[in-house]
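Take a look at the structure below.
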Amino acid sequence: MLAWLPDGRPADVYSAPCPSRQVLDRIADKWTALIVGCLSTGTKRYSELRTAIDGVSEKMLTQTLRGLERDGLVTRTVHPTVPPKVEYTLTKLGGTLSAPLAVIRDWAESHINEINDARTRYDGGV
C-alpha cells in the first residue's frame with residue numbers, strides 16, 4: 001500500500017524530490033541493517049552494539065543511531081545512574097524493518113561466493 005504525501009501525490013522513490021528517497025537511503029545503509037538486526041533481539045546498550053557490530057566506528061554508530069532515532073525507528077533511553085546508562089530499542093515502526101532487512105542480510109551471506117567469483121572474473125582473474 002502506497003502512502004500519499006501531504007500535497008496529494010503518491011510516495012515514489014524514483015522521483016528525486018520525494019521524501020521516501022531519504023527513507024530508502026536510511027534503510028539501505030549497511031550500518032542501519034546491522035543495528036536493526038542487533039536490536040531485533042531486544043534492547044542493547046551502546047557498548048553492546050559496538051561489540052556486536054565488528055568494524056563500526058564510534059562516530060558511525062552514534063551517527064546512525066541518531067538518524068534512526070530521528071526517523072522514529074529507535075528509542076534512546078537514558079537511565080539516571082553514574083555513569084549514565086543508555087539503552088537503545090527498536091520502536092514498533094523500527095520492528096517492521098527487522099524481517100525485510102534480515103532477508104537482505106541472509107541473501108548477502110548466501111550469495112557471497114557467487115559475488116566474489118563474479119568480481120574475480122570481472123577484474124580479469126580466473
Side-chain angles (χ1 to χ4, degrees):
M1 176 195 297
L2 286 179
W4 292 88
L5 302 175
D7 65 5
R9 292 180 298 129
D12 179 6
V13 295
Y14 292 99
S15 173
C18 184
S20 63
R21 179 134 351 150
Q22 294 171 350
V23 175
L24 184 60
D25 284 342
R26 165 74 57 220
I27 64 175
D29 177 71
K30 72 177 173 182
W31 300 122
T32 293
L34 297 173
I35 290 169
V36 168
C38 282
L39 292 177
S40 68
T41 61
T43 299
K44 302 276 188 301
R45 294 182 69 176
Y46 182 92
S47 59
E48 292 174 303
L49 289 168
R50 181 92 196 279
T51 300
I53 304 171
D54 189 29
V56 67
S57 67
E58 286 187 29
K59 176 185 175 185
M60 284 311 302
L61 181 56
T62 299
Q63 202 172 309
T64 305
L65 284 166
R66 284 183 183 154
L68 291 169
E69 184 180 10
R70 179 176 183 253
D71 290 343
L73 303 172
V74 167
T75 299
R76 179 179 184 263
T77 304
V78 180
H79 299 279
T81 59
V82 178
K85 180 180 176 184
V86 180
E87 294 179 323
Y88 296 90
T89 307
L90 288 178
T91 62
K92 185 177 179 181
L93 179 62
T96 65
L97 269 178
S98 294
L101 290 180
V103 170
I104 292 169
R105 289 188 309 271
D106 291 346
W107 186 91
E109 291 174 347
S110 296
H111 295 281
I112 186 58
N113 291 330
E114 295 163 85
I115 299 295
N116 281 338
D117 290 346
R119 287 175 177 173
T120 299
R121 284 191 306 275
Y122 182 88
D123 294 341
V126 178

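What's counted below: heavy atoms across the whole structure, side chains too, no hydrogens, waters or symmetry copies.
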- Message: How long is the straight-line distance from NZ of K59 back to OG1 of T64, given to the nearest 0.5 Å?
- Response: 10.5 Å
- Note on the structure: Tightest non-hydrogen contact, residues V13 and S20, listed as CG1-OG, 3.2 Å
- Message: Between L97 and L73, is there a side-chain heavy-atom distance shorter than 4.5 Å?
- Response: yes
- Query: Which distance, rounded to the nearest 0.5 Å, do you find between the CG of L65 and the CD1 of I35?
  - Reply: 4.5 Å
- Query: Would a hydrophobic clustering, with Ile, Leu, Val, Met, Phe, Trp and Tyr connected at side-chain separations under 4.5 Å, put L34 with V23?
  - Reply: no
- Note on the structure: Nearest heavy-atom approach of V78 to P84 is CG1-CB, 4.3 Å
- Item | Heavy-atom side-chain contact between V74 and T91 under 4.5 Å | no
- Message: Could you tell me if Y46 and T62 have a donor-acceptor pair between their side chains, going purely by distance under 3.5 Å?
- Response: yes
- Task: Please name the pair of heavy atoms, one in A11 and one in C18, separated by the smallest distance, quoted to 0.1 Å.
- Result: CA-SG, 3.8 Å
- Message: Distance check, rounded to the nearest 0.5 Å: I53 atom CD1 versus M60 atom CE?
- Response: 11.0 Å
- Do you know which of T75, L49, T77 makes side chain to side chain contact (heavy atoms under 4.5 Å, CB included) with Y88? L49
- Message: Counting only heavy atoms from other residues, nucleotides and ligands, does the tally under 6.0 Å from CG of D54 exceed 12?
- Response: no
- Task: Could you verify whether a donor N or O on one side chain and an acceptor N or O on the other, from S47 and K44, lie under 3.5 Å apart?
- Result: no
- Got a sec, which residues hit side chain to side chain donor-acceptor pair (under 3.5 Å) with Q22, two or more places apart in sequence or on another chain? none
- Task: Mind checking the CH2-SG spacing from W31 to C38? Nearest 0.5 Å is all I need.
- Result: 11.0 Å
- Item | Side-chain ion pair, K85 and E87, N-O less than 4.0 Å | yes
- With sequence neighbours excluded, what pairs up with R26 under the side chain to side chain donor-acceptor pair (under 3.5 Å) test? D71
- Answer yes if I104 and I27 sit in the same cluster of Ile, Leu, Val, Met, Phe, Trp and Tyr residues linked by side chain heavy atoms under 4.5 Å apart, and no otherwise. yes
- Nearest atoms (heavy-atom pairs only) where V56 meets L61: CG2-N, 3.7 Å
- Establish, from distance only, whether the side-chain atoms of T89 and T43 form a donor-acceptor pair under 3.5 Å. yes
- Query: With hydrophobic residues grouped by side-chain heavy-atom distances under 4.5 Å, do I112 and W107 end up in a single group?
  - Reply: no
- Note on the structure: Tightest non-hydrogen contact, residues P10 and L5, listed as O-CD1, 4.2 Å
- Enter the distance from R50:CZ to R45:CZ here, rounded to the nearest 0.5 Å. 15.0 Å
- Message: Within this structure, what is the CG-CZ distance for the pair D123 and R121, rounded to the nearest 0.5 Å?
- Response: 11.0 Å
- Query: Closest approach of P83 and T81, non-hydrogen atoms and distance?
  - Reply: O-OG1, 2.7 Å
